[in-house]
Colleague: 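If you scroll down you'll find the structure; I have some questions about it.
None of these values were measured; they are calculated from a predicted model.
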Amino acid sequence: SRREDYTNMSDSWEEHAEGSKTANLNPSAVSFSFNPTVATFVPSGKISETGKTDQDSGEKESKEVPSAVGVQDKMASASLKDDDDVLEDEAHRKEKIERVLTELDEEDGREHMNVVFIGHVDAGKSTTAGQILFLTGGVDDRTIEKYEREAKEKNRESWYMAYIMDTNEEERAKGKTVEVGRAHFETTRKRYTILDAPGHKSFVPNMISGASQADIGVLVISARKGEFETGFERGGQTREHAQLAKTLGVSKLIVAINKMDDPSIVEDKDAWSQQRYDEIVGKLSPFLRGCGYNPKKDLIYIPISGLMGHNMKELVSKDVCPWYNGKPFFDILDDVEAISRDPFAPFRMPVMDKYKDMGTVVMGKCESGVVAKGDKLMMMPNKVKVKVTTVWRDENEVNAARPGENLRLRLAGIEEDEVSSGFVLSDCNKLVPVVHQFEAQIVVLDLLEHKPILTGGYTAILHLHSIVEECEVTKIVAAIDPKTKEKKKTKFVKSGSICIARIAVEKPICVESFQSNPQLGRFTLRDEGRTIAIG
């Protein structure tokens, strides 16, 4: 009976094989794959509709076995198209974005801006930021009194305003900001996020992460005798911060000359010194022009007292400063032109930080496109499909957000340990490019004394949006003449040169060309604690 069963099985198997057109065994094929619709093994290759392989159908061209990356791409695109995730067509997508923007304008049409406070250590950045929050009602009188008492106990009475921004004990004890402080305030015309960057040279990487999210910079300068000179001389943080800010996309700079009421510089009857103000402006202007700022369009100078709040919300009185004819600080901020951002561009949000809270929550600044609750996005470079379940803008839960906002997104479909800072949340229709190496135009600043040339094999730390990765300059493609813009072949360049270099990293990273998305296309190279190049 068993023999009969086997005979029947083999008969039905043969019938099935005849029913579907068979493909012959190719003995010269290297690998074999099984096609379940055909009864026999077929060599790996594309199976045509007739059930034959490429070899059988007489195609002479050799078909390449797809690479692992190609397979992944196909799998990713296939997984995107399954379920109900049919890729949106452009017209439908545009219509949806317009609807979201209309809703957002009805809710709160004020523009949002990130303001970064930069400058040398002890220039008064945290104090000025704290004073802004106090003047806009972000901190109540009781809290200020508590901070005053704490500062008095530490014999640091003038630090109490900085305690609003410097929240941890280490920062308060030493009077030095370490992490980038964040706070929000509003005026009738705009909403702002303050990013209080550390001034100390040991914490420049933290300052870079803060400034890379900023739209506008406030360069705080101490007018006190000796302090301005220390910050501005070679190696001072005033210089490095101004250069970095320009590279990181801070296009407008408000230069706040602080401590104008300091006893070392005040004139008779506590009047602010015009001579000192003019001296500082005279030294800073040529340097900032060299950094790439246009003195007429991009720079605004203002004298202030961050500790006392003079010339911040209301104009300083003519008794104290008879020579200043400009506007107070808040009015200058409100008058800064709106930054153009394209809401119809593909969504991009570099991840700054992540944590677990009923799902995975990622933090970052939306650089382009809009995001709404329920959107399906792709986490790059590891290609994980995610769904946005909750959107927070600053501290408030919202249904959607436009570009330029600081967001927290709760995501479904990804674990916390699958996300790292430097990853980019991307539109599924147009994914962000992922690379191991790229070519870029770089400006070489000051190279190290013991490494005076930049050539193939030079290793450095790459800071690009929220990425901090070790990289290697593998090749200097060409040097660019600054005047004629002509390119000529070279193997190395020195400080002050402009060149096109090829840069390689070990792990895949998300980058875009500067033309398509500037925030994901500009970077700095640092080595041994110094910024050596910007690009």
Colleague: Could you tell me whether Trp323 and Tyr277 have their ring centroids closer than 6.0 angstrom?
Modeller: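 Yes, the ring centres sit under 6.0 Å apart.
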Colleague: Looking at Glu279 and Arg276, does any basic side-chain N land under 4.0 Å from a carboxylate oxygen?
Modeller: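 A salt bridge links Glu279 with Arg276.
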Colleague: Is any NZ, NE, NH1 or NH2 atom of the basic residue among Arg189 and Asp335 found under 4.0 Å from an Asp or Glu carboxylate oxygen of the other?
Modeller: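 So Arg189 pairs with Asp335 through a salt bridge.
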Colleague: When Val388 is tested against each of Leu411, Val362, Leu425, Leu407 for side chain to side chain contact (heavy atoms under 4.5 Å, CB included), which residue passes?
Modeller: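 In the set Leu411, Val362, Leu425, Leu407, the residue that makes a side chain to side chain contact (heavy atoms under 4.5 Å, CB included) with Val388 is Leu411.
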Colleague: Just by distance, with hydrogens left out, do Ser426 and Arg348 show a side-chain donor and acceptor under 3.5 Å apart?
Modeller: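 There is such a pair (donor and acceptor under 3.5 Å, judged by atom type) between the side chains of Ser426 and Arg348.
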Colleague: Rounded to the nearest 0.5 Å, what's the gap from CD1 on Ile304 to CD1 on Ile221? Could you check?
Modeller: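 Going from CD1 on Ile304 over to CD1 on Ile221, the span is 10.5 Å.
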Colleague: Is any side-chain heavy atom of Ile216 less than 4.5 Å from a side-chain heavy atom of Tyr192?
Modeller: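 They are not in side-chain contact.
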Colleague: How about Val351 and Met379: do any of their side-chain heavy atoms sit closer than 4.5 Å?
Modeller: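 Yes, side chains in contact.
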Colleague: With a 4.5 Å cut-off on side-chain heavy atoms, are Val320 and Asp261 touching?
Modeller: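 Counting from C-beta outward, Asp261 and Val320 never come under 4.5 Å.
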Colleague: NZ/Lys327 to CG/Asp334 distance, rounded to the nearest 0.5 angstrom?
Modeller: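 These two atoms lie 9.5 Å from each other.
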Colleague: Check Glu405, His184, Glu111 against Arg191 for a side-chain hydrogen bond (donor to acceptor under 3.5 Å, both in side chains) and give me the one that passes.
Modeller: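 By the side-chain hydrogen bond (donor to acceptor under 3.5 Å, both in side chains) criterion, Arg191 pairs with just one of Glu405, His184, Glu111: Glu405.
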Colleague: Evaluate Val424 against His465 for side-chain contact (heavy atoms from CB on, under 4.5 Å), listing each step before the verdict.
Modeller: CA-CA 10 Å; Val424 175; His465 56 86; 3.7 Å; yes
Colleague: If I take atom CD1 from residue Ile194 and atom CD1 from residue Ile132, how far apart are they, to the nearest 0.5 angstrom?
Modeller: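 Interatomic distance, Ile194 CD1 to Ile132 CD1, rounded to 0.5 Å: 4.5 Å.
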Colleague: Say you draw a straight line from CG of Leu409 to OG1 of Thr390; how long is it, rounded to the nearest 0.5 Å?
Modeller: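 Reported value, rounded in 0.5 Å steps: 9.0 Å.
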Colleague: Which residue is it: Leu333, Ile332, Asp331? I am looking for the one with a side chain to side chain contact (heavy atoms under 4.5 Å, CB included) to Phe329.
Modeller: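 Only match with Phe329 under side chain to side chain contact (heavy atoms under 4.5 Å, CB included): Leu333.
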Colleague: With a cut-off of 6.0 Å (strictly less than), are more than 12 heavy atoms of other residues, nucleotides or ligands near NZ of Lys318?
Modeller: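 Yes, NZ of Lys318 has more than 12 neighbouring heavy atoms, counting only those of other groups under 6.0 Å.
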Colleague: More than 12 heavy atoms of other residues, nucleotides or ligands under 6.0 Å from NZ of Lys387: is that the case?
Modeller: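 No.
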Colleague: Is it the case that over 12 heavy atoms from other parts of the model lie below 6.0 angstrom from the CD atom of Gln275?
Modeller: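 Open: at most 12 neighbouring heavy atoms sit under 6.0 Å from CD of Gln275.
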